[in-house]
Amino acid sequence: MAYWLLKSEPSTYSIDHLKENQVDHWDGVRNYQARNNLQAMRVGELAFFYHSSAEPPGIAGVCRIVREAYPDHTQFDPESTYHDPKATVEKPRWFMPDVGFVRKFDRLIPLSELRQTPGLENMDLLNRSRLSVQKVSDEEWEIINAIAEGR
DNA sequence: GCCAACGTTGGC
DNA sequence: GCCAACGTTGGC
């Protein structure tokens, strides 16, 4: 059982959108390391939903992988901002899982607070800020959930 | 809006 | 295969 962190700009797609839709595909990832993480996700695994380029940026809640990665259709669409002319249906480059809504935290846990929390020093979020799909360790998962639950 | 970090592209 | 130029991300 692995844990993950998925970033999204809430002005484009927030945890409230996922709550409303309940399930959605996680399309638009165009970075190889992020893609590799998407492909490593297994049904039932959990991920933090992170709001980037937000005021403030931070972790908004939790979602669950409900379908393992399959080809991201937006790569084939010339009209899409995610179009990739080098991708073909026979040889897709980009993949997306489906994620389901689990919960929205009572309060968003801001990045500034995560930075000050002991035990999170090695999180990708705090060291590799541009990676949009990250792995989270068991310990980090527990620490952040404890904060979210006010423990 | 600025800019640091860093991933990608393409000429050689 | 190197590396300069360029583009993007995302916090501030």
Side-chain angles (χ1 to χ4, degrees), chain A residues 2-21 24-41 45-65 68-137 139-148 150:
Chain A
Y3 297 107
W4 308 95
L5 180 144
L6 292 165
K7 290 189 194 175
S8 182
E9 297 192 18
S11 59
T12 304
Y13 195 91
S14 72
I15 193 149
D16 294 315
H17 291 112
L18 183 59
K19 184 177 184 181
E20 188 176 324
N21 295 348
D24 241 320
H25 43 257
W26 200 267
D27 66 341
V29 170
R30 294 294 180 269
N31 167 282
Y32 289 105
Q33 193 174 352
R35 180 199 68 181
N36 293 344
N37 283 337
L38 289 179
Q39 291 185 292
M41 293 175 172
E45 291 179 346
L46 298 171
F48 289 127
F49 193 121
Y50 180 84
H51 283 179
S52 62
S53 296
E55 189 48 55
I59 296 177
V62 175
C63 56
R64 183 194 314 275
I65 309 309
E68 288 172 19
Y70 57 104
D72 177 342
H73 56 87
T74 61
Q75 70 194 299
F76 310 125
D77 178 3
E79 303 292 308
S80 171
T81 50
Y82 300 123
H83 180 233
D84 183 345
K86 292 179 184 161
T88 63
V89 176
E90 294 73 28
K91 284 196 83 174
R93 284 181 146 191
W94 307 110
F95 296 82
M96 60 184 186
D98 287 349
V99 302
F101 177 79
V102 174
R103 69 176 155 276
K104 180 180 178 179
F105 291 154
D106 293 336
R107 66 176 183 97
L108 179 131
I109 304 171
L111 178 61
S112 57
E113 185 173 341
L114 297 171
R115 284 196 192 286
Q116 293 169 11
T117 302
L120 302 182
E121 296 86 357
N122 295 325
M123 275 191 87
D124 281 343
L125 186 66
L126 308 186
N127 298 293
R128 308 210 34 223
S129 64
R130 294 182 54 193
L131 185 61
S132 65
V133 182
Q134 310 182 349
K135 207 162 191 300
V136 173
S137 75
E139 293 77 13
E140 292 158 355
W141 184 265
E142 169 56 26
I143 289 168
I144 293 167
N145 273 287
I147 295 171

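Chain identifiers are assigned alphabetically (A, B, ...) following the order of the sequence lines, protein sequences preceding nucleic acid strands; residue numbering begins at 1 within each chain.
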Flag if over 12 foreign heavy atoms under 6.0 Å of CG, A:N127: yes
Would you say A:E20 has more than 12 foreign heavy atoms packed within less than 6.0 Å of its CD? no
In this structure, how many angstroms lie between the [atom2] atom of [N] and the [atom1] atom of [X], rounded?
{"X": "A:E113", "N": "C:dC12", "atom1": "CD", "atom2": "P", "value": "14 Å"}
{"X": "A:L5", "N": "C:dG10", "atom1": "CG", "atom2": "P", "value": "11 Å"}
{"X": "A:Y50", "N": "C:dG10", "atom1": "OH", "atom2": "C1'", "value": "8 Å"}
{"X": "A:L126", "N": "C:dG11", "atom1": "CG", "atom2": "C1'", "value": "12 Å"}

Check the pair A:L6, A:M41 against side chain to side chain contact (heavy atoms under 4.5 Å, CB included), reporting the backbone distance first and the verdict last. CA-CA 12 Å; A:L6 292 165; A:M41 293 175 172; 3.9 Å; yes
Test ring-ring contact (aromatic ring centres under 6.0 Å, His included) applied to A:Y32 - qualifying residues, sequence neighbours left out: A:W94
According to ring-ring contact (aromatic ring centres under 6.0 Å, His included), who are the partners of A:F95, at least two apart in sequence or on a separate chain? none
For A:P71 versus A:P92, what's the shortest heavy-atom pair and its separation? CG-CG, 3.9 Å
With no hydrogens and no angle check, just 3.5 Å: does a side-chain donor-acceptor pair link A:T81 and A:R30? no
Have A:H17 and A:S14 got a donor and an acceptor in their side chains that come within less than 3.5 Å? yes
Considering only heavy atoms, which members of residues 34-41 of chain A lie under 4.0 Å from some atom of DNA chain C? none
Can you build the contact string for nucleotides 4-9 of chain B? Use B for base contact, S for sugar-phosphate-only contact, and - for no protein heavy atom under 4.0 Å. -BBSS-
Under the salt bridge (charged side-chain N to carboxylate O under 4.0 Å, His left out) definition, can you give me all pairs with a residue in residues 85-104 of chain A, not counting sequence neighbours? A:D16-A:K104, A:D84-A:R93
Strictly below 4.0 Å, heavy-atom distances to any atom of DNA chain B: list the hits from residues 71-84 of chain A, or just say none. none
